[in-house]
Amino acid sequence: MSIELSEQELVRRENLKKAIDAGINPYPAELFEVNCSAKEIHSNYQTDKIGYKNISIAGRLMRQRIMGKASFAELQDSTGKIQLYINRDDLCPGEDKFLYNDFFKKILDIGDIIGVKGYVFTTQVGEISIHVTEIKLLAKTLRNLPMPVEDAEGKVHDAFTDTEQRYRQRYVDLIVNPQVKKAFIQRTQLTNSMRHFLNEKGYLEVETPILQSLYGGAAARPFKTHHNTLDQTLYLRIANELYLKRLIVGGFDGVYEFAKDFRNEGMSRFHNPEFTQMELYVAYKDYNWMMDMVEEMVEKIATDLHDKTEVQVGENLINFERPWKRYTMFEAIQHFTGIDIAALDEAGLREAAKKIGVPVDETMGKAKIIDEIFGEKCEPKLIQPTFITDYPVEMSPLAKKHRTHEGLVERFECICNGKEICNAYSELNDPIDQRKRFEDQLELGKRGDEEAMMLDEDFLRAIEYGMPPTAGLGIGIDRLTMIMTNSNSIQDVLFFPQMRPEKKEKVASNDEYVALGVPEVWIAAVIKSGYKTIELLKAANPNKLHQEIAGFRKKNKIETALPTLDEVKAWMVV
RNA sequence: GAUUCCGUAGCUCAGCUGGUAGAGCAUUUCACUUUUAAUGAAGGGGUCCUGGGUUCAAAUCCCAGCGGGAUCACCA
């Protein structure tokens, strides 16, 4: 391996070697007993000073301020930061000052994981700190962390902000950007809160297949894969709806699943190819009941996370306090555009859409035009959580026909901060109607709609056995988390958002260069000059390479005699 | 997929109408026993994303590619 290391990385490897030479294991196997955390000390020390006379804590060394015979340092554990005070003569009471002068001051680098023992005290400037009596290296770091610094006003300088690097190296992002960590903790609190709410109601958390031979339950293009033993095409699920409904047929009254779903579609700040949805199905309920439940659940989540129902999201203060505004889709359109679409036929709708500047074309049917108008003119204006109910039947092949309105289904979405966060129906349980709706989808598929649903015979067979009237819900966990954590992008609520693979640079190994007769000392020079693979080296201009090696030799003050031009030429002909 | 902006030291960034690179933090050496963006002094560190082109001369201008951001399209 010929990896080029930066000067700073070389320094760290040098320090690693110094530790080993001094008999210090840089990666010890035995556990380091920890008896408190940074957060715990900060919150309890003032009221319980004697409780922190003998503490043991571990974490990452984040800052060193060395001031002669005494030093301050910052230790960061999973709960936060705490200052360390290290006094040479307290750390090394005897004659031997190695631990302070060499180990602490030189061998330790920022980012190293250490364990310390000592007692808590308050410095003259009033900062709660640990007076260190013992210090131990637990893991040596070989790379240097970005070093954001917070000034007296709380302003952060030199923050690690490059989004690409933050997403690719999330571990670094998490170490140096505390607000990032906070958002992810809140994400888990959100799912915990939701899970707790659902369990309290007696619903059963279940798991259903991710690999499916037929994908269904939503309109989306899937990821396709192959099972070797069965020699069969499988799809990563785009939704789990049809499996959960089978369980309702099977006699469960309430089932839910936090499901990773996969959709082979565009990426944006609201879309990642894999994302999480919580789907819930409850028997003997309808969509009106489900609206009440969603309100209650989301209000509870907001208060669990923020101790109040209001959440600041960008410029908007969103209030999840019940009850939420409810509009039928037609009412919403009338409200925001002044047009009563109930009275219009397809031609009239198209005309109306054009008049208010919503682009439509001849291929769009009535439902599609309504959807366009809503998406364009209403959705972005709905900031406070709002239920939109009663959608055109054509766009909802799994929803039950509306009890009173012909051409509509019993469906609602909740729109919040201008985006859909959930989607729910009174589930279609009429097997004859369901078969017909699937067949309509097949027609769409034949006409080239890649997102049309497939006909799932087994699902039809299941509901032919009878599915109780059921209310179903799908709620986007990523989207809800974005709102609850005031995140601007889905990538900020996914630990590892999808990205193009990193370009890996091919570099030939030392052995490969040696095989060509390149002496060990000059390999670095050859690589540094850009001939990172054997192919590149063989194609090189020997005069140029010879010059470059000479330059490298001078710069790095290498004693070894420069290879002759003929020697350099010889490397290329082997 | 389209449009647009961006890519310079480990990190954050400057670098004008072309003249082969700068700052702060980090890092190295030295001083300093209660600091906290510690301080003072002195150093080191660069494939200016990659490849072409124009030019006496390219980080800078042009073209192509790679990677990323934003907006749009797609995602009922």
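Computed from a prediction, not measured in an experiment: that's the story for all the values here. Within every chain, numbering begins at 1; the chains are lettered A, B, ... in the order of the sequence lines, protein sequences first and strands thereafter. All heavy atoms count here, side chains included; hydrogens, waters and symmetry mates do not.
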A.B. asks: Using the side-chain heavy atoms of S129(A), tell me which of these nucleotides is nearest: U71(B), U35(B), G68(B).
C.D. replies: U35(B)
A.B. asks: Could you tell me whether R88(A) contacts a base, only the sugar-phosphate backbone, or nothing, with contacts defined as non-hydrogen atoms closer than 4.0 Å?
C.D. replies: nothing
A.B. asks: With sugar-phosphate meaning primed atoms plus P, OP1 and OP2, does F121(A) contact a base, only sugar-phosphate, or nothing at under 4.0 Å between heavy atoms?
C.D. replies: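 Base, at least one base atom sits under 4.0 Å.
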A.B. asks: Hey, does N87(A) reach any base, or is it just sugar-phosphate, or nothing, if we go heavy atoms under 4.0 Å?
C.D. replies: base
A.B. asks: What is the separation between atom CE on M67(A) and atom C1' on A38(B), rounded to the nearest whole Å?
C.D. replies: 6 Å
A.B. asks: Less than 4.5 Å apart, side chain to side chain, heavy atoms only: is that true for L455(A) and E439(A)?
C.D. replies: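 Heavy-atom side-chain distance check passes, below 4.5 Å.
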A.B. asks: Could you work out the separation of C30(B) and A70(B) based on their C1' atoms and round it to a whole Å?
C.D. replies: 48 Å
A.B. asks: Which listed nucleotide (C30(B), G68(B), U27(B)) is nearest to the side chain of M499(A)?
C.D. replies: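 Closest nucleotide among those given: G68(B).
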A.B. asks: Using the six-membered ring of Y391(A), assess whether NZ or CZ of R411(A) lies under 6.0 Å from its centre and within 45 degrees of the ring axis.
C.D. replies: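 Because its charged atom sits under 6.0 Å from the ring centre and within 45° of the axis, R411(A) does stack over Y391(A).
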A.B. asks: CG of L10(A) versus P of U27(B): gap in Å, rounded?
C.D. replies: 16 Å
A.B. asks: Choose from G68(B), U71(B), U34(B) the nucleotide whose nearest atom is closest to any side-chain atom of T163(A).
C.D. replies: G68(B)
A.B. asks: Does some side-chain heavy atom of P497(A) sit less than 4.5 Å from a side-chain heavy atom of R170(A)?
C.D. replies: yes
A.B. asks: Taking the six-membered ring for Trp and the single ring otherwise, decide whether the centroids of Y85(A) and F121(A) are under 6.0 Å apart.
C.D. replies: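 Ring centroids of Y85(A) and F121(A) are less than 6.0 Å from each other.
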A.B. asks: Regarding P273(A), tell me which of base, sugar-phosphate or nothing describes its non-hydrogen contacts under 4.0 Å with the strands shown.
C.D. replies: nothing
A.B. asks: Would you classify E150(A) as touching base, sugar-phosphate or nothing, given that sugar-phosphate means primed atoms plus P, OP1 and OP2, and contacts are heavy atoms under 4.0 Å?
C.D. replies: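 Here E150(A) touches the backbone only, sparing every base.
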A.B. asks: I need the NZ-P distance between K368(A) and A73(B), as an integer number of Å.
C.D. replies: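 Taking NZ of K368(A) and P of A73(B), I get 11 Å after rounding.
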A.B. asks: Mind checking who U39(B) pairs with, Watson-Crick or G-U wobble, both distances under 3.5 Å?
C.D. replies: A31(B)
A.B. asks: Taking U27(B) as the reference, what is the distance to C56(B) when you measure between their C1' atoms (whole Å, please)?
C.D. replies: 40 Å
A.B. asks: Any idea which of U33(B), G67(B), U29(B) is nearest the R168(A) side chain?
C.D. replies: G67(B)
A.B. asks: For A73(B), which nucleotide in any strand shown is its Watson-Crick or wobble partner with both distances under 3.5 Å?
C.D. replies: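 Checking every strand shown, A73(B) finds no partner, since no pair has both distances under 3.5 Å.
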A.B. asks: Quickly work out the E164(A) CD to C66(B) C1' distance and round it to whole Å.
C.D. replies: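 Taking CD of E164(A) and C1' of C66(B), I get 10 Å after rounding.
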A.B. asks: Classify the nucleic acid contact of M453(A) as base, sugar-phosphate or nothing, counting any heavy atom under 4.0 Å across all strands shown.
C.D. replies: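 Base contact - M453(A) has a heavy atom under 4.0 Å of at least one base atom.
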A.B. asks: So if I apply the side chain to side chain contact (heavy atoms under 4.5 Å, CB included) rule between K140(A) and each of I114(A), N15(A), I113(A), which one comes out positive?
C.D. replies: N15(A)
A.B. asks: Centroid distance below 5.5 Å plus an interplanar angle below 30 degrees: do H157(A) and A37(B) meet both conditions?
C.D. replies: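 Stack criterion met.
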A.B. asks: Using the C1' atom as the reference point in each nucleotide, state the distance between U12(B) and C6(B) in Å, no decimals.
C.D. replies: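 Their C1' atoms lie roughly 15 Å apart.
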A.B. asks: Taking for each residue the nucleotide of RNA chain B with the nearest heavy atom, is it A219(A) or M267(A) whose nucleotide lies nearer the 5' end?
C.D. replies: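 Of the two residues, M267(A) wins.
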A.B. asks: Whom does C11(B) pair with, Watson-Crick or G-U wobble, provided both distances fall under 3.5 Å?
C.D. replies: G24(B)
A.B. asks: Going by heavy atoms in the side chains, are L145(A) and R60(A) under 4.5 Å from each other?
C.D. replies: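 SC-SC contact between L145(A) and R60(A) confirmed.
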A.B. asks: Could you identify the nucleotide paired to G51(B), looking across every strand shown and requiring Watson-Crick or G-U wobble geometry with both distances under 3.5 Å?
C.D. replies: C63(B)
A.B. asks: Tell me yes or no: between the side chains of Y167(A) and D162(A), is some donor less than 3.5 Å from an acceptor?
C.D. replies: no
A.B. asks: Looking across every strand, which nucleic acid part, if any, lies under 4.0 Å from R411(A) by heavy atom: base, sugar-phosphate, or nothing?
C.D. replies: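 If one applies the 4.0 Å heavy-atom cut-off, R411(A) turns out to touch the sugar-phosphate alone, with no base involved.
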A.B. asks: Expressed as a whole number of Å, how far does the C1' atom of C13(B) sit from that of A21(B)?
C.D. replies: 14 Å
A.B. asks: Would the base of U35(B) count as contacting Q83(A) through its side chain, where contact means a donor and an acceptor less than 3.5 Å apart?
C.D. replies: yes
A.B. asks: Nearest whole angstrom, please: distance from the C1' of A37(B) to the CD of Q64(A).
C.D. replies: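 Value for this atom pair: 16 Å.
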A.B. asks: Taking the same atom, C1', in G51(B) and in A9(B), what whole-Å distance lies between them?
C.D. replies: 23 Å
A.B. asks: State whether a side-chain donor-acceptor pair under 3.5 Å links R65(A) with Q83(A).
C.D. replies: yes
A.B. asks: Strictly by Watson-Crick or wobble contacts shorter than 3.5 Å, is anything paired with G46(B), and which nucleotide is it?
C.D. replies: none
A.B. asks: In this structure, how many angstroms lie between the P atom of U28(B) and the CD atom of E9(A), rounded?
C.D. replies: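 Interatomic distance, CD of E9(A) to P of U28(B): 14 Å.
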A.B. asks: Whole Å only: how far is the CZ atom of R500(A) from the C1' atom of G69(B)?
C.D. replies: 13 Å
A.B. asks: Would you mind telling me which of U29(B), G69(B), A37(B) lies closest to the side-chain atoms of Q491(A)?
C.D. replies: G69(B)
A.B. asks: Report yes if a side-chain nitrogen or oxygen of R65(A) is closer than 4.0 Å to either non-bridging phosphate oxygen (OP1 or OP2) of U35(B); otherwise report no.
C.D. replies: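 No, no such contact exists.
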A.B. asks: For the side chain of R221(A), starting at C-beta, report the closest nucleotide among A26(B), C74(B), U36(B).
C.D. replies: C74(B)
A.B. asks: Quick check with a 6.0 Å cut-off and a 45 degree axis cone: is K381(A) positioned over the face of F336(A)'s six-membered ring?
C.D. replies: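 So K381(A) doesn't make the cation-pi contact.
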A.B. asks: Would you mind writing out the side-chain donor-acceptor pairs for residues 90-105 of chain A within the sub-3.5 Å range, not counting sequence neighbours?
C.D. replies:
| unit_1 | atom_1 | unit_2 | atom_2 | d |
| --- | --- | --- | --- | --- |
| D90(A) | OD2 | H131(A) | NE2 | 2.7 |
| D96(A) | OD1 | F98(A) | N | 2.9 |
| K97(A) | NZ | D89(A) | OD1 | 3.0 |
| K97(A) | NZ | C92(A) | O | 2.7 |
| K97(A) | NZ | G94(A) | O | 2.8 |
| Y100(A) | OH | G68(A) | O | 2.8 |
| Y100(A) | OH | A70(A) | N | 3.3 |
| Y100(A) | OH | A70(A) | O | 3.4 |
| Y100(A) | OH | S71(A) | OG | 2.6 |

A.B. asks: When you measure from the side chain of K401(A) to the backbone of D433(A), do you find a donor-acceptor pair of N or O atoms at a distance under 3.5 Å?
C.D. replies: no
A.B. asks: In B/S/- notation, 5' to 3', how is nucleotides 3-11 of chain B contacted by protein heavy atoms closer than 4.0 Å?
C.D. replies: -------BS
A.B. asks: Using the C1' atom on both, measure C72(B) against U17(B) and round to a whole Å.
C.D. replies: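 Going atom to atom, C1' in each nucleotide, I get 35 Å.
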A.B. asks: What interatomic distance, in whole Å, is found between C1' of G15(B) and the corresponding atom of A59(B)?
C.D. replies: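 Approximately 9 Å lies between the C1' atom of A59(B) and that of G15(B).
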A.B. asks: For T122(A) and V149(A), find the nucleotide of RNA chain B closest to each by heavy atoms; which residue's nucleotide sits nearer the 5' end?
C.D. replies: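 Closest to the 5' end, via its nearest nucleotide, is T122(A).
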A.B. asks: Could you tell me the separation between the CZ atom of R63(A) and the P atom of A26(B), rounded to a whole number of Å?
C.D. replies: 6 Å
A.B. asks: Expressed in whole Å, how much space separates the C1' atoms belonging to G10(B) and G18(B)?
C.D. replies: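 Straight-line distance between the two C1' atoms is 30 Å.
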